[in-house]
Chemist: 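My questions will all concern the structure given below.
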Number of protein chains: 2
Amino acid sequence: MSRKITMKDVAKAAGVAPMTVSRAFKSDAVVNADTRARVMKAAEELGYVFDSAASNLRSRKSGFVAAIIPSLNNANFADTIGAMSRVLEQHGLQILLGYTGYSVDEEQRLIEQLLRRSPEAIVLTGGHHTERARELLANATVPIIETWDLPDKPVQHVVGFSNTTAMKGLVDHLISRGFTKIAFLGGDAAGDHRGQARLAGFLEALGRHGLDASRLISAGPAPVAMREGALAMQSLLARFPDTEAAVCVSDLSAFGALTECQRRGLRVPEDIAIAGFGAYDISAFAHPTITTIDAFPTEIGRKTGQLIVKLLRSDEVPVDPQIEEIFPQLVVRQSAP
Amino acid sequence: MSRKITMKDVAKAAGVAPMTVSRAFKSDAVVNADTRARVMKAAEELGYVFDSAASNLRSRKSGFVAAIIPSLNNANFADTIGAMSRVLEQHGLQILLGYTGYSVDEEQRLIEQLLRRSPEAIVLTGGHHTERARELLANATVPIIETWDLPDKPVQHVVGFSNTTAMKGLVDHLISRGFTKIAFLGGDAAGDHRGQARLAGFLEALGRHGLDASRLISAGPAPVAMREGALAMQSLLARFPDTEAAVCVSDLSAFGALTECQRRGLRVPEDIAIAGFGAYDISAFAHPTITTIDAFPTEIGRKTGQLIVKLLRSDEVPVDPQIEEIFPQLVVRQSAP
DNA sequence: TTGAAAGCGCTAACAA
DNA sequence: TTGTTAGCGCTTTCAA
């Protein structure tokens with residue numbers, strides 16, 4: 001195997017200095033058009049591949065944005081990452097992804113690991129972190145953005161929404177439609193803090209209207225998906241057979257709950273109404289369609305990307321923490337009209 | 001803002017040479033336990049963060065594995081990436097993810113971009129690439145693994161399965177159960193080559209049994225998801241109302257097709273049977289449950305990760321191209337019993 | 001617009 | 001087991 005081809009080789013072939021090659025490869029640098037063409041031709045012929053590691057080291061810019069999400073396998077988070085990515089790649093930034101499996105300890109480990117790559121910004125999901133993670137983030141001198149939540153004590157910037165308020169809105173809707181025996185199907189307290197915030201909104205809405213808030217079914221640790229939704233519905237029907245409406249922590253669990261009802265011959269919404277959260281595709285295509293809340297994951301991603309670009313541009317000037325609130329929308333469909 | 005803390009600072013604080021700090025941070029290096037403890041303590045107190053970029057440059061190891069998938073928002077690919085990631089992180093390797101949006105041109109662009117980060121291995125989805133992409137890959141001196149397919153002309157290593165054979169098995173099953181008027185709902189030829197391979201398997205099975213193979217509905221470019229499945233079923237019922245079974249390119253489109261039938265009061269499978277591909281969660285929870293093929297995405301990911309680790313270990317010794325075939329399993333459920 | 005010199009922070013290679 | 005020296009490939013900085 002031959003020696004690696006470097007800028008020096010390209011420079012020699014093109015009859016210029018390495019520095020000129022460097023400039024030719026930087027799109028916004030000042031280079032004579034002919035010179036650049038000559039350099040690019042030489043590079044192409046030699047099969048030169050630009051070495052980011054060396055560039056990073058010298059310029060102290062990694063071109064990475066670290067993004068940490070609970071799970072890869074979740075359409076909502078995938079949408080956010082996709083939208084963010086589309087904005088960032090316009091500016092030469094690449095996403096370095098990590099997923100926590102809904103564990104703050106794993107999140108801390110990921111932060112430690114990702115920091116070694118010198119990300120230019122760090123995007124987190126939610127506002128719950130270990131003490132050490134908060135320390136690490138405080139010492140990092142790059143923008144930190146928390147998303148998918150509206151934390152009480154933000155680390156720095158936020159692009160998110162209140163899961164509590166959003167869920168409260170949905171439950172208020174159910175109450176306004178005359179439902180009084182309403183249950184919540186969700187996960188346990190560990191891990192999914194967004195789920196807990198939704199539960200808080202549920203309890204708040206019921207409390208305001210003086211309704212019984214004891215119909216709470218826990219499906220165990222996150223992720224709470226179809227299987228867990230189906231099992232939770234089984235528990236619910238066993239323990240509280242007279243329930244009129246079941247509010248689920250996500251559309252996936254709502255769908256699981258819905259199919260469990262269908263297996264038992266229960267009609268939705270006539271026998272029991274069901275609502276979800278997240279406006280996943282399935283909520284629009286299930287039969288019946290599922291009432292849900294659209295938190296606009298794509299908008300979260302796009303705005304997060306734009307915020308990062310803005311913050312990196314404003315360079316050394318410290319910018320006050322930005323709080324961008326997203327306003328989720330109630331989507332009333334057949335399962336809970 | 002103060003100067004960045006480097007190994008030199010840690011070395012001074014711990015009273016050792018920078019090289020000793022370097023060794024202390026490398027888990028498999030030979031360092032006295034006391035020395036290491038002292039170094040780590042100093043590092044912790046100073047808030048030292050290891051700089052991967054510098055390490056990469058000098059050691060010529062990036063710690064990255066590039067992985068390119070068609071879409072982030074797809075449970076099958078997410079499962080593969082997740083499983084691969086679990087194996088690789090055990091060996092200090094991090095995944096650098098790119099998604100093509102089902103475009104080979106975008107794949108080429110991604111390969112160019114990812115190569116700059118000096119990945120230690122490159123994982124691709126499928127066996128269709130642009131000419132230039134093949135060149136780039138041929139010049140890269142790292143292991144290349146194609147997955148989710150069994151390419152005719154593999155670039156190098158493969159961990160995958162035959163989409164054609166798998167689909168043929170499913171259609172053979174339908175034929176053996178007496179279905180003769182069978183349709184295929186998929187995407188168009190551009191982009192999703194795995195979809196095209198499945199169509200080929202469909203045609204092959206029908207051809208072998210001398211059955212009419214004209215019931216082909218194209219739902220347009222990938223991704224073919226729930227919406228496209230529903231629209232395709234509309235077309236199908238309009239054009240070929242006497243169809244007995246609809247085979248869909250994926251479970252998501254199968255679900256869309258199923259719900260379209262339900263909206264129209266058609267019974268599945270009595271009036272029309274439906275089958276999918278991929279063993280997504282939804283196939284097990286839909287009502288009726290959906291007959292599908294499990295391609296074991298997790299196994300693909302795990303084996304790909306293991307292969308990479310093995311290849312990187314065997315260092316300079318060139319290893320013959322490895323072809324690891326996965327054998328998908330037919331999962332017979334209610335929608336096409 | 002282009003070039004020369006220096007050095008980013010780490011580790012390979014060698015020495016002790 | 002630990003230390004010294006040099007240099008990975010690029011870009012900053014300054015000069016022409």
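Labels below follow one simple rule: chain letters A, B, ... track the order of the sequence lines, proteins then strands, and each chain is numbered from 1. These figures come from a predicted structure and were not determined experimentally.
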Chemist: For B:Ser118, is there any backbone N or O sitting under 3.5 Å from a side-chain donor or acceptor partner on B:Ser62?
Modeler: yes

Chemist: Please report the distance, rounded to the nearest Å, between NZ in A:Lys12 and P in C:dT2.
Modeler: 21 Å

Chemist: Any side-chain N or O of A:Thr20 under 4.0 Å from OP1/OP2 of C:dT2?
Modeler: no

Chemist: Not counting sequence neighbours, which residues clear side-chain contact (heavy atoms from CB on, under 4.5 Å) with A:Glu45? List them please.
Modeler: A:Lys41

Chemist: Between protein and nucleotides 12-16 of chain D, what N or O pairs are separated by less than 3.5 Å?
Modeler:
from   : atom 1 : to      : atom 2 : distance (Å)
D:dT12 : O4'    : A:Arg58 : NH2    : 3.4

Chemist: Using a 4.0 Å cut-off on heavy atoms, which residues in residues 35-56 of chain A reach DNA chain C? List them by number, or say none.
Modeler: A:Thr35

Chemist: For residues 55-99 of chain B, pull every pair meeting ring pair (Phe, Tyr, Trp, His ring centres under 6.0 Å), keeping only residues two or more places apart or in separate chains.
Modeler: A:Phe64-B:Phe64, B:Phe77-B:Trp148

Chemist: Go nucleotide by nucleotide along DNA chain D from the 5' end; which of B:Asn32 and A:Lys8 gets its closest nucleotide reached first?
Modeler: B:Asn32

Chemist: Any pair with a residue in residues 71-89 of chain B that passes salt bridge (charged side-chain N to carboxylate O under 4.0 Å, His left out), sequence neighbours left out, goes on the list, sorted by first then second residue, please.
Modeler: A:Arg109-B:Glu89

Chemist: Just to verify, what does A:Glu112 make a salt bridge (charged side-chain N to carboxylate O under 4.0 Å, His left out) with, not counting sequence neighbours?
Modeler: A:Arg132

Chemist: List the residues meeting ring-ring contact (aromatic ring centres under 6.0 Å, His included) with A:Tyr102, not counting sequence neighbours, and say none if there are none.
Modeler: none

Chemist: Under the rule for side-chain contact (heavy atoms from CB on, under 4.5 Å), what residues qualify as partners of B:Asn139, not counting sequence neighbours?
Modeler: none

Chemist: What's the closest nucleotide to the side chain of A:Val31 if the choices are D:dG3, D:dT2, C:dT2?
Modeler: C:dT2

Chemist: Expressed in angstrom and rounded to an integer, what is the separation of B:Leu57 atom CG from D:dG7 atom C1'?
Modeler: 9 Å

Chemist: Got a sec, which residues hit salt bridge (charged side-chain N to carboxylate O under 4.0 Å, His left out) with B:Glu299, two or more places apart in sequence or on another chain?
Modeler: B:Lys303

Chemist: Rounding to an integer number of Å, can you tell me how far A:Arg3 CZ sits from D:dG7 C1'?
Modeler: 14 Å

